[in-house]
Amino acid sequence: MKGIVSQYIMQKGTNMDDMEKLLTIKDVQEHLQLGRNRVYQLIKIDSFPKIKIGNTYRIPKREYLEWIQNNIGKTVFL
């Protein structure tokens with residue numbers, strides 16, 4: 001898994017400034033105004049973009065925003 005995460009992050013650029021931003025659970029909570037448990041339920045949805053690193057999750061910002069756009073007007077059942 002370590003190699004996959006490194007490869008994913010590094011494909012966005014070779015230095016820190018070029019790398020894609022990864023959001024935390026707290027970032028998503030604040031953006032969607034949801035509680036922690038609801039965000040963890042959201043993460044269980046297969047189509048929701050996430051990377052699991054050990055026991056923590058990171059959400060690629062670009063894919064997250066695309067997911068939001070693709071789900072406007074839809075009901076997401078948790």
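Heads up: numbering here begins at 1 and tracks the sequence.
Remark: Asn70 CG to Ser47 OG distance equals 9.0 Å, nearest 0.5 Å.
Among residues two or more places apart in sequence or in another chain, the side-chain hydrogen bond (donor to acceptor under 3.5 Å, both in side chains) test is passed with Gln41 by Arg38. Considering only residues two or more places apart in sequence or on other chains, Leu65 meets the side-chain contact (heavy atoms from CB on, under 4.5 Å) condition with Lys61. Applying the side-chain contact (heavy atoms from CB on, under 4.5 Å) criterion to Thr56, with sequence neighbours excluded, gives Ile53, Arg58. Residues satisfying the ring pair (Phe, Tyr, Trp, His ring centres under 6.0 Å) test with Tyr64, not counting sequence neighbours, are His31. Applying the salt bridge (Lys or Arg N to Asp or Glu O under 4.0 Å) rule to Glu30 yields no partners; only residues at least two apart in sequence or on another chain are considered.
Sorted by first and then second residue, the salt bridge (charged side-chain N to carboxylate O under 4.0 Å, His left out) pairs involving residues 69-78 (not counting sequence neighbours) form an empty list.
Taking both residues in full, the closest heavy atoms of Glu63 and Glu20 are given as OE1-OE2, 2.7 Å, listed atom of the first, atom of the second, then distance. Taking each heavy atom of Asn55 and Lys52 in turn, the nearest pair found is CA-CE, 4.3 Å. Taking each heavy atom of Ile51 and Pro60 in turn, the nearest pair found is CD1-CG, 4.1 Å.
Residues Ile59 and Leu34 share a single hydrophobic cluster, defined by chaining ILVMFWY side chains whose heavy atoms lie under 4.5 Å apart. Grouping the Ile, Leu, Val, Met, Phe, Trp and Tyr side chains by contacts below 4.5 angstrom, directly or via other members, places Tyr40 with Phe48. One hydrophobic cluster holds both Val39 and Trp67 under the rule that ILVMFWY side chains link at heavy-atom gaps under 4.5 Å.
Side-chain contact between Leu78 and Ile45: present, with at least one pair of heavy atoms (C-beta onward) separated by less than 4.5 Å. Using a 4.5 Å heavy-atom cutoff, the side chains of Ile43 and Val28 are not in contact. Within the 4.5 Å cutoff, the side chain of Val76 has heavy atoms near those of the Leu42 side chain.
Remark: side-chain polar atoms of Lys50 are not paired, donor with acceptor, to backbone N or O of Lys44 under 3.5 angstrom. Here the side chain of Asp27 pairs a donor or acceptor atom with the backbone of Thr24 at under 3.5 angstrom.
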